[in-house]
Peer 1: 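Please find one structure pasted underneath; my questions will follow.
Small disclaimer: the values here were computed from a predicted structure and weren't measured.
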Amino acid sequence: MSSNLLLNDLNEHQSIAVSAKPGNMLVLAGAGSGKTKVLVHRIAWLIHQENYSPYSILAVTFTNKAAGEIRGRIESLLRMSTAGMWVGTFHSIAHRLLRAHYLEAGLEQNFQILDSEDQKRLIKRAIQSLNLDDNTWAPKEAQWFINNKKDKGIRPEKIATNADFHTQTMANIYNAYEGLCRQSNLIDFAEILLRAYELLLKNPETLQHYQTRFKSILVDEFQDTNTIQYRWLKLLAHEQNHMVIVGDDDQSIYGWRGAKIENIKKFSKDFPNASTIRLEQNYRSTGAILNAANNLICHNGERLGKKLWSAGATGSPIALYSAFNEIDEAKFVADQVLEWVSKGYSRSDMAVLYRSNMQSRVIEEQLLQAGITYRVYGGMRFFERAEIKDALGYLRLIANQHDDAAFERVVNQPNRGIGDRTLSIIRQAAKENFCSLWNAAVSSIQQNILTPRAKNSLAGFINMIQQMQQYSVEIELYEITERMFQCTGLVEFYSLQKGEKARSKVENLEELVSATKNYSIEEDTEATVLQSFLSHASLEAGETQGSEQQDCVQLMTLHSAKGLEFPIVFMVGVEEGVFPHQMSADEPGRLEEERRLCYVGMTRAMEQLYLTYSELRRQYGREQYHRVSRFVQEMGNDSLVEIRKKIRVQRPISSQNKKFPSNFNHESGLKLGQNVRHKKFGEGTLLNLEGSGSNTRVEINFKDFGIKRLVLSYANLEGFS
DNA sequence: CCCCCCTCCATTTTT
DNA sequence: TGGAGGGGGG
């Protein structure tokens, strides 16, 4: 491949970035400026022009999707396999290091990954093991605390002993949780990064090996790196290698989960010889959209500075629609979709972007009513589904009996008579002997401290796992899975249940078998295929929906829209309190992140951007008036045009009125709002009446006792007026 | 031991 | 308003 070909369809700045002499480089790449293209071409350039071995390249991303895209584009550009190249997410690369150096990292060979749900369960156990109340000490909050500390590289012993009681207790929970993880040979997501960092920090020889191996380190979406990710990258840096970081401070929208926008500035400081290249030419959006986006983002202070421009047409102005209520807003979107479809656009050319997931409901209802197919992004992924996690739980126990998280999950799933009573005895034993639940279960069978029934069931369970474990070394992965389904009765359990839900669960389990059939081990480690598959399942949770729909409107949050583009974009709920969100509006820093989120949303649109807001919105069961978002005004009015529609939509009669029309007559002869007297509670007003005959229930607001629900036939009410 | 009802709560998400 | 989780009852 000639250098010409690699630089052929690049603009001046892209070309400079791609063909620069090897050295540290910061590429500030605006939205739609060909960031991935530069990354991919840079890698190709290093290989072809600078004679870098693919083996010496490390490319890091945040999502599997981005990593896959880089891989695919390199492969099609260079027509070579990327097998020797390290291209992956922070987590997958850190995991790869841990696999290769598990001893130095203080792990056992068969360590497995804990996803956030499992993590929460284990934290809950840690809380209980400290004899703390898990209502006062919410596992969710502790989980946040622990992950937050890990993201900053802080271990429990490093948390000041003179800290306040709350922090102290949290540190204790953190510590106890770490103990449980060690015992079960498990690591959570944050731990993968922290361990990999500590591995390199504590083993200079290993560090040196990778420093000399990776001659070029390329990082995508650098503005999203957190403290530990940055430190890890900095460790890998060396005089003899160089780093190319690509990012956009204006698109930093993950501050709330630890991303440090400052890392970009830190990079320039820590690598003073790094050159900076700006990619400002946008190939995606019309001039009108870019103009408004630029205007908006100028309201943020402390920017590195960047102004998107386009060589293309100005296009039509951004359309602003002021809806009467959220139903009207959704109807407007549906109407416009139909109009664009009639002009020849595909439904999949259009996306509806919203700030929070709950906003999708009304939109979905109206699209459904208009007969428009749609797809909602987000939600359960394949490997996160309960039935899949059950199956994986069994596979994990087969791979490692001391995996407490897996043990807890499947020991009584499907029900085999090992209830909470038995389990708490096992948990107690495990706690006292500092051993895994598995060992505790085995010894409590031997010691005869369980009821015969429980003992039997438990012994059966232990036996079953042991047997499957024995088989597992001889047979293929999919055979292990199929056999596991037979032995555990998991598929049978779901297929005996009725309904659409149960049917899809069985289908998912079958899908898991085909996933195991298709799986082939990616890299050579000492890990077994089973272990490797389990890691794969944890690190790559899979698609949201099993099968891609053909042609449908895309519904997603603004966050999940990052990196995507659509000819037509609807940004809905552009109101104060919704966007910017109420909870982010007060703090200047968080407001700026909301503004960046708005910027990200706008720059998704290629041809036409709609902004809609609703004057009246039903939220949390009450109606509230909203003003248009401050962001709209900040966009300036030279690229905006307001759309008006004549039809006004009335809200349907509220559900309460539907249930009880005004002429409602109950067989009891009682009327809502009527005064009644009760022997014990005295006088009150009848609020509600449900059911009939002996099942009739009443809700009464008593003067002295407040609202009570009673069964009418027992209440002996006396009506009066 | 399971199911139902009540209460409480309510951004954004990847790995 | 609606979903999830906890507690109580059958």
Peer 1: Are any of the side-chain nitrogens in A/Lys562 or A/Asp224 under 4.0 Å away from the carboxylate oxygens of its partner?
Peer 2: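 Salt bridge: yes.
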Peer 1: Output the rounded distance in Å from CG (A/Leu186) to P (B/dT15).
Peer 2: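 Atom-to-atom, A/Leu186 to B/dT15, this comes out as 20 Å.
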Peer 1: Measuring from atom CD of A/Glu178 to atom NZ of A/Lys150, what distance do you get when rounded to the nearest 0.5 angstrom?
Peer 2: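 Nearest 0.5 Å value for the CD-NZ distance: 5.5 Å.
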Peer 1: In whole Å, I'd like the distance from the NZ atom of A/Lys150 to the P atom of B/dT15.
Peer 2: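 About 19 Å, once rounded to whole Å.
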Peer 1: Please confirm whether the shortest side-chain N or O distance from A/Asn64 to OP1 or OP2 of B/dT15 is below 4.0 Å.
Peer 2: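 For A/Asn64, the contact criterion (side-chain N or O under 4.0 Å from OP1 or OP2 of B/dT15) is met.
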Peer 1: Taking N or O atoms only and anything under 3.5 Å, show me the protein contacts with nucleotides 2-4 of chain C, one pair per line.
Peer 2:
unit_1	atom_1	unit_2	atom_2	d
C/dG2	OP1	A/Arg361	NH2	3.2

Peer 1: Does A/Tyr620 reach a base, just sugar-phosphate, or nothing at all? Heavy atoms under 4.0 Å.
Peer 2: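 Base: the residue A/Tyr620, judged by heavy atoms under 4.0 Å, touches a nucleobase.
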Peer 1: Has A/Arg627 got more than 12 heavy atoms of other residues, nucleotides or ligands less than 6.0 Å from its CZ?
Peer 2: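 Count not over threshold, so no.
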Peer 1: Looking at side-chain heavy atoms only, is the closest gap between A/Leu218 and A/Leu58 below 4.5 Å?
Peer 2: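 Sidechains of A/Leu58 and A/Leu218: no contact.
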Peer 1: For the side chain to side chain contact (heavy atoms under 4.5 Å, CB included) test, which of A/Val246, A/Thr61, A/Ile70 pairs with A/Thr36?
Peer 2: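 Answer to the side chain to side chain contact (heavy atoms under 4.5 Å, CB included) test with A/Thr36 among A/Val246, A/Thr61, A/Ile70: A/Ile70.
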Peer 1: Give a yes/no verdict on base stacking between B/dT15 and A/Phe90: centres under 5.5 Å, planes within less than 30° of parallel.
Peer 2: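 So A/Phe90 does not count as stacking on the base.
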Peer 1: From B/dT15, B/dC2, B/dT13, pick the nucleotide closest to the side chain of A/His559?
Peer 2: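 In terms of side-chain proximity for A/His559, the closest of B/dT15, B/dC2, B/dT13 is B/dT13.
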Peer 1: For atom P, what is the distance between C/dG3 and B/dT12, given to the nearest Å?
Peer 2: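 So the two P atoms sit 15 Å from each other.
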Peer 1: Rounded to the Å, how far apart are A/Asp220 CG and B/dT15 P?
Peer 2: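 Whole-Å distance recorded here is 13 Å.
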Peer 1: Can the positive tip of A/Arg590 be found less than 6.0 Å from the middle of the six-membered ring of A/Trp256, inside 45° of the ring normal?
Peer 2: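 The answer is no; the distance or angle limit is not met.
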Peer 1: For A/Tyr377, is the NZ or CZ atom of A/Arg375 found under 6.0 angstrom from the centre of its six-membered ring and inside 45 degrees of the ring axis?
Peer 2: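 Relative to the ring axis of A/Tyr377, which defines the angle, A/Arg375 lies inside both limits.
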Peer 1: In whole angstroms, how far is the P atom of B/dT14 from the CG atom of A/Leu193?
Peer 2: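 Answer to the nearest Å: 16 Å.
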Peer 1: Does a distance-only test, which skips hydrogens and angles, find a donor-acceptor pair under 3.5 Å between the side chain of A/Arg257 and the base of B/dT13?
Peer 2: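 Looking at the base of B/dT13, it does pair with a donor or acceptor on the side chain of A/Arg257 (distance under 3.5 Å).
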Peer 1: Under 4.0 Å from OP1 or OP2 of B/dT14: is there any side-chain N or O of A/Thr89 that close?
Peer 2: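 Result: no.
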Peer 1: Which comes earlier along DNA chain B counting from the 5' end, the contact point of A/Ser538 or that of A/Arg453, where each point is its nearest nucleotide?
Peer 2: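 The residue whose closest nucleotide sits nearer the 5' end is A/Arg453.
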Peer 1: Nearest to the side chain of A/Ser560, which nucleotide is it out of B/dT13, B/dT15, B/dT12?
Peer 2: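 The answer is B/dT13, which lies nearest to the side chain.
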Peer 1: In whole Å, I'd like the distance from the CD1 atom of A/Ile253 to the C1' atom of B/dT14.
Peer 2: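 Rounding to the nearest Å, CD1 of A/Ile253 and C1' of B/dT14 are 12 Å apart.
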Peer 1: Using atom names, set out every protein N or O paired with an N or O of nucleotides 6-10 of chain C below 3.5 Å, distance rounded to 0.1 Å.
Peer 2:
none

Peer 1: May I ask you to say what A/Glu594 touches in the nucleic acid, namely base, sugar-phosphate or nothing, with a heavy-atom cut-off under 4.0 Å?
Peer 2: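 Contact class for A/Glu594: base.
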Peer 1: Please state whether the phosphate of B/dT13, meaning OP1 or OP2, lies under 4.0 angstrom from any side-chain nitrogen or oxygen of A/Arg381.
Peer 2: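 Checking A/Arg381 against B/dT13: no side-chain N or O falls below 4.0 Å of OP1 or OP2.
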Peer 1: Figure out the CD/P separation between A/Glu221 and B/dT14, and round it to whole Å.
Peer 2: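 So the CD-P distance, A/Glu221 to B/dT14, works out to 13 Å.
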Peer 1: Considering only NZ, NE, NH1 and NH2 on the basic side and carboxylate oxygens on the acidic side, decide whether A/Arg617 and A/Glu575 come within less than 4.0 Å.
Peer 2: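 Counted as a salt bridge, because a side-chain N and a carboxylate O are separated by less than 4.0 Å.
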Peer 1: Looking only at side-chain atoms of A/Tyr254, point me to the closest of C/dT1, B/dT13, B/dT15.
Peer 2: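 So the side chain of A/Tyr254 is nearest to B/dT13.
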Peer 1: With A/Arg596 as the cation and A/Tyr599 as the aromatic partner, state whether NZ or CZ is under 6.0 Å from the six-membered ring centre and within 45° of the axis.
Peer 2: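 Cation-pi check for A/Arg596 and A/Tyr599: fails.
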Peer 1: Distance check: side-chain N/O of A/Asn226 vs OP1/OP2 of B/dT14, anything under 4.0 Å?
Peer 2: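 A/Asn226 to B/dT14 OP1/OP2: no side-chain N or O under 4.0 Å.
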Peer 1: To the nearest Å, give me how far apart CG (A/Leu392) and P (B/dT15) are.
Peer 2: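 The distance from CG of A/Leu392 to P of B/dT15 comes to 16 Å, rounded to the nearest Å.
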Peer 1: OP1 or OP2 of B/dT12 versus the side-chain N and O atoms of A/Asn357: is any pair under 4.0 Å?
Peer 2: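 Yes, A/Asn357 has a side-chain N/O under 4.0 Å of OP1/OP2 on B/dT12.
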Peer 1: Please give, in whole Å, the distance from B/dT12 C1' to A/Tyr377 OH?
Peer 2: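 Value for this atom pair: 18 Å.
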Peer 1: Relative to the 5' end of DNA chain B, which residue comes earlier, A/Asn412 or A/Met583, by the nucleotide with the nearest heavy atom?
Peer 2: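 So the residue in question is A/Asn412.
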Peer 1: For A/Phe631, which residues count as a ring-ring contact (aromatic ring centres under 6.0 Å, His included) partner, sequence neighbours excluded?
Peer 2: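 A/Phe631 satisfies ring-ring contact (aromatic ring centres under 6.0 Å, His included) with A/Phe579 only.
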Peer 1: Within a radius of less than 6.0 Å around CD of A/Glu117, do more than 12 heavy atoms belonging to other residues, nucleotides or ligands occur?
Peer 2: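 Counting other residues, nucleotides and ligands, CD of A/Glu117 exceeds 12 neighbours.
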